[in-house]
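Reading through the C-alpha cells given below for one structure.
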Amino acid sequence: MLADAVSRGHRVPDAALLHSLVAQPRRWRDIVRELAATLPGAEILVWPFERFAAQPDRQLAILTAGQSAGRVLSGCREWQNPSPRLNRLRDILDGRGEPATLPAGCDRWMPFDDIQRATLRAQYQADLAWLRDGAGGLAQLIENDTIRPATTGAAITQGTDLTATNVNIGAVQPRRPSAGGTRHAEQGHLG
C-alpha cells in the first residue's frame, strides 16, 4: 500500500510515520467487533487476504456454499495494480524531483525495519490466534476453501497453517433467516 501511495504522489514515509503505523492500537479484532455490532446477526467470515487474493471466483464459492460464477468472473485472476518495485519507485521519485531515499535494487520495497516487521508479525499471529479460538463467537476464520454443506450458509473446514503477514475481513454473509424470513444477499469487503 505504501509503494502504491508513493507511486501516486505521496511522499516516502518517514521513520515517525512508519513507527505510528506499527504502534497504533487498532487491530482486526476491533474491526470484527465493530462489524458485529453494526450488523447484528450477520455471519462474519474472515480470511487472510493473501490466501484468496486475485481469486474472486473462490471467494464467491466460499460465500455461496460452492456455487460457480461461471464465465461472469472470466479473467478475474489477472494481477491488477501490482505495487511498483524499488527501481520503478526510484524512477517515479526522480521524475518528481524528489530525492530517492529508497534502497538499491529492484526488489519489492520493504519500508519497515526488522524490529517493526517482527512486531507486525506478532500482532498478526495474535489476531489469527483470536480468530482461530472463535473470535468470541463473532466470526469464523476461513483458512482454506474446502466447502461442505451447513445450516448457515457456506461452512469451511479449518486446518491450513498460514504464515502470512496480514488478515483482511473477506466478506459478510447474512445468516439464514428463521422460518418465514427473507434473506438479503449483502456482502462487504474491508481491507
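Just so it is clear, the model here is predicted, and its values are computed rather than measured. Heavy-atom basis, side chains included; hydrogens, waters and symmetry copies ignored.
Residues Leu131 and Ala139 come closest through the heavy atom pair CD2-CB, 4.5 Å. Taking each heavy atom of Arg132 and Leu141 in turn, the nearest pair found is CG-CD2, 3.5 Å. Heavy atoms only, all atoms of each residue included: Leu138 and Ala36 are closest at CD2-CB, 3.8 Å. Residues Pro13 and Val6 come closest through the heavy atom pair CD-CG2, 4.2 Å. The heavy-atom pair separating Ser7 from Ile92 by the smallest distance is CB-CD1, 3.6 Å. The two atoms that bring Val32 and Trp130 nearest to each other are CG1-CH2, 3.8 Å, heavy atoms only.
Atom CG of Leu45 sits about 11.0 Å away from atom CD of Gln59, to the nearest 0.5 Å. Once rounded to the nearest 0.5 Å, the distance linking CD1 of Ile31 with CZ of Arg29 reads 12.0 Å. Within the model, atoms CG of Leu21 and CD of Gln116 stand 9.0 Å from one another, a figure rounded to the nearest 0.5 Å. Separating the CZ atom in Arg27 from the CD atom in Gln123 is a distance of 3.5 Å, to the nearest 0.5 Å. To the nearest 0.5 angstrom, Arg88 atom CZ is 10.0 Å from Leu93 atom CG. How far CG of Leu89 is from CG of Leu102: 6.0 Å, rounded to the nearest 0.5 Å.
Asp30 meets the salt bridge (charged side-chain N to carboxylate O under 4.0 Å, His left out) test with no other residue; sequence neighbours excluded. In this view, Arg117 and Met110, Phe112, Asp114, Arg121 satisfy the side-chain contact (heavy atoms from CB on, under 4.5 Å) rule, not counting sequence neighbours.
The closest donor-acceptor contact from the side chain of Arg51 to the backbone of Glu143 lies under 3.5 Å.
In this structure, Ile115 is not a member of the same hydrophobic cluster as Leu2, with clusters built from ILVMFWY side-chain heavy atoms closer than 4.5 Å.
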Checking Ile62 against Trp47 for the side chain to side chain contact (heavy atoms under 4.5 Å, CB included) test, could you report, in this order, the C-alpha distance in whole Å, the side-chain angles of both residues, the deciding distance, and whether it holds? CA-CA 10 Å; Ile62 290 168; Trp47 56 74; 4.0 Å; yes

